[in-house]
There are 2 protein chains.
Amino acid sequence: MVLRMGRTSDARERLVQSAIDLIWQASYGAVGVDAICERAGVKKGSFYHFFASKDELVVAALDAHWATRRVDLDRVFSPTLPPLERLKNYFAHIFARQTAVRQKYGRVLGCFHHSVGSECIQAAPVIAAKVQSVVTMYRMYLETTLRDAKAVGLIRAGDPVVHAKTLLAFIEGALTQARIHDDPELLRNLEGTGLALIGLGSAAQDAEATHPG
Amino acid sequence: MVLRMGRTSDARERLVQSAIDLIWQASYGAVGVDAICERAGVKKGSFYHFFASKDELVVAALDAHWATRRVDLDRVFSPTLPPLERLKNYFAHIFARQTAVRQKYGRVLGCFHHSVGSECIQAAPVIAAKVQSVVTMYRMYLETTLRDAKAVGLIRAGDPVVHAKTLLAFIEGALTQARIHDDPELLRNLEGTGLALIGLGSAAQDAEATHPG
DNA sequence: CTCATTCTTGACTAGACGGTCAACTAAATG
DNA sequence: CATTTAGTTGACCGTCTAGTCAAGAATGAG
């Protein structure tokens, strides 16, 4: 029993990718099952062979998108790098990525998970739960990094957990602004302001230089 | 001709308010014209007497909501107050307001304009344009305040325009996080981190105190 | 070859969607 | 009172929605 019986197909994967593409560009409400099927080249009967509902597909799409984000972020936030470098990597990565997204999709799209989450939080509990868990994982990268930064003495005061929430809010807000204005430039100087948020701004660093203890 | 002829009615206002209530809680896509009409106690025929389309109603809702926000913000950002006090007022106002929103609607809702904007930016150009203009007005409060802060010597470096964009991104991001997690506590310490963003954090202020040149 | 399993297909449903319309009522003007 | 204007009503439209289902085709196992 090395292979499974019956027909094989990548229709499920195509459906998931189509859902990501269409919903990220527009929204959950604006994209119907029919549109997703058409883009994937899959008939609706097949859709409901793989997914019990539209919401279940969206949960799968959130998961799949997270899986690809995770590969990037594991590299960006590698514990082999000094914490400050991880943060700088991340800020640069966001700018580069949204610039690439704009090339591919024709406009800045911001964060898929947060967009879907904010839209569906009230009416679609399974989607809401998935988004909450993914957002928490985003935050964990920052938490770990900030804890390391504190251990190394890069940051003096403040709870890394609180700082991580703050930093995530700032980054996500910048992504939303970039989406609304279709302007990746709003993400270019994430680093300067992001570091200021956790007391590592250039001003604070100046102060540190002349007042180091 | 002191009064206008024909019947009078507040149906239009009721429709606008119902649209705000329902769409803010759920989303543009999840709320239909029928639901808005039912909540407003207005028949659909009347709806289309006042509005040419659902999108036109939503634009009116964004406008009406902005009008009420503006009253609050004009007070919060009164030029009679010192700039730092304006900012502190604003941060406190956001927390208090979302706490009140949670009491009234049963959950934290975040920013109506940004939620609708992020959802509709691709498929509904008239809504997108309205949101962009309102978001710009939000930013103007911050720009003016930061310009004043710089004039007073509260801030040393940095373009107020850039700082305003940054601060708005942070605030909006925090509101989205609060919506997604239904947690107003995420907004309690907006002041501490918000001021750090523009170089007025407690760390920077400590530095300033011992290094005031 | 036979059978079980997996996937595909297209036709189908019932309800919700945004939007239309003609007839009707209420108010102000002359 | 007649007319004009503004607002109300309920029935109606075509389309789109998520979701169903029975029949068939491809695949691997025995």
Side-chain angles (χ1 to χ4, degrees), chain A residues 1-20 22-23 25-62 116 119-120 122-128, chain B residues 1-20 22-23 25-62 116 119-120 122-128:
Chain A
M1 210 202 284
V2 59
L3 290 177
R4 67 186 186 291
M5 292 172 73
R7 281 197 185 182
T8 56
S9 165
D10 63 341
R12 189 192 150 93
E13 286 67 35
R14 296 203 311 273
L15 285 167
V16 167
Q17 191 54 52
S18 297
I20 294 171
L22 292 175
I23 294 175
Q25 286 182 73
S27 68
Y28 170 86
V31 176
V33 173
D34 286 318
I36 294 166
C37 288
E38 187 177 312
R39 174 178 250 252
V42 171
K43 296 292 160 22
K44 192 143 64 164
S46 282
F47 179 100
Y48 285 98
H49 171 72
F50 292 106
F51 302 101
S53 67
K54 180 185 176 185
D55 283 13
E56 202 176 272
L57 163 70
V58 172
V59 168
L62 292 166
V116 173
E119 179 182 356
C120 300
Q122 140 109 11
V126 299
I127 295 176
Chain B
M1 211 203 290
V2 58
L3 289 178
R4 68 186 187 288
M5 290 173 75
R7 281 193 181 184
T8 56
S9 165
D10 62 341
R12 189 190 151 94
E13 286 68 35
R14 296 203 312 274
L15 286 167
V16 167
Q17 191 55 51
S18 296
I20 294 171
L22 293 175
I23 294 175
Q25 286 182 74
S27 67
Y28 170 86
V31 176
V33 173
D34 287 316
I36 294 166
C37 288
E38 188 176 311
R39 175 177 250 253
V42 171
K43 297 291 162 19
K44 193 144 64 164
S46 282
F47 179 101
Y48 285 98
H49 172 71
F50 293 108
F51 302 101
S53 67
K54 181 186 177 187
D55 283 13
E56 199 176 276
L57 163 70
V58 172
V59 168
L62 292 166
V116 172
E119 179 182 356
C120 300
Q122 142 109 8
V126 300
I127 295 176

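In what follows, every chain begins at residue 1, and chains take the letters A, B, ... in the order their sequences are listed. Just so it is clear, the values below take in all heavy atoms, side chains as well, and ignore hydrogens, waters and symmetry mates.
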Discussion item. Regarding B:F50, tell me which of base, sugar-phosphate or nothing describes its non-hydrogen contacts under 4.0 Å with the strands shown.
Written reply: sugar-phosphate
Discussion item. What is the separation between atom CZ on B:R7 and atom C1' on C:dA23, rounded to the nearest whole Å?
Written reply: 12 Å
Worksheet entry | Whole-Å gap separating P (C:dT8) and CZ (A:R12) | 12 Å
Practice prompt. Could you grab the distance from atom OG of B:S9 to atom CZ of B:R14, nearest 0.5 Å is fine?
Written response: 5.5 Å
Worksheet item: Separation of B:M5 atom CE from D:dA2 atom P, in whole Å?
Response: 15 Å
Item to complete: Give a yes or no answer on whether the side chain of A:E119 reaches the backbone of B:S27 with a donor-acceptor pair at less than 3.5 Å.
Response: no
Discussion item. Distance criterion of 3.5 Å, no angle test: do you see the side chain of B:K44 paired donor-to-acceptor with the base of C:dG19?
Written reply: yes
Discussion item. What contact category does B:G45 fall into here, base, sugar-phosphate, or nothing, at under 4.0 angstrom with non-hydrogen atoms?
Written reply: base
Worksheet item: Rounded to the nearest 0.5 Å, what separation is found between the NE2 atom of A:H49 and the CG atom of A:L15?
Response: 11.0 Å
Item to complete: Report, as yes or no, whether the 6.0 Å neighbourhood of atom CD on B:E56 holds more than 12 heavy atoms from other residues, nucleotides or ligands.
Response: yes
Worksheet entry | Options C:dT9, D:dG7, C:dA28, nucleotide nearest the side-chain atoms of A:S46 | C:dT9
Fill in: Interatomic distance where OH belongs to A:Y28 and C1' belongs to D:dT17 [whole Å]
11 Å
Item to complete: Return the value, rounded to whole Å, for the distance between atom CD of B:E38 and atom P of D:dG10.
Response: 14 Å
Fill in: Rounded distance (Å) that lies between atom P of C:dC17 and atom CZ of B:F47
13 Å
Practice prompt. Ignoring the backbone of A:S9, work out which of D:dT8, D:dG19, C:dC7 is nearest its side chain.
Written response: C:dC7
Worksheet item: At under 4.0 Å, does any side-chain N or O of A:Y48 touch on OP1 or OP2 of D:dG19?
Response: yes
Item to complete: Could you tell me the separation between the NE2 atom of B:H49 and the C1' atom of D:dA6, rounded to a whole number of Å?
Response: 5 Å
Worksheet item: On DNA chain D, nearest-nucleotide positions of A:D34 versus B:G6: which is more 5'?
Response: B:G6
Practice prompt. Provide, to the nearest angstrom, the distance between the NZ atom belonging to B:K43 and the C1' atom belonging to C:dC24.
Written response: 14 Å
Worksheet item: When rounded to the nearest 0.5 angstrom, what is the spacing between CD in B:Q17 and CZ in B:R12?
Response: 13.0 Å
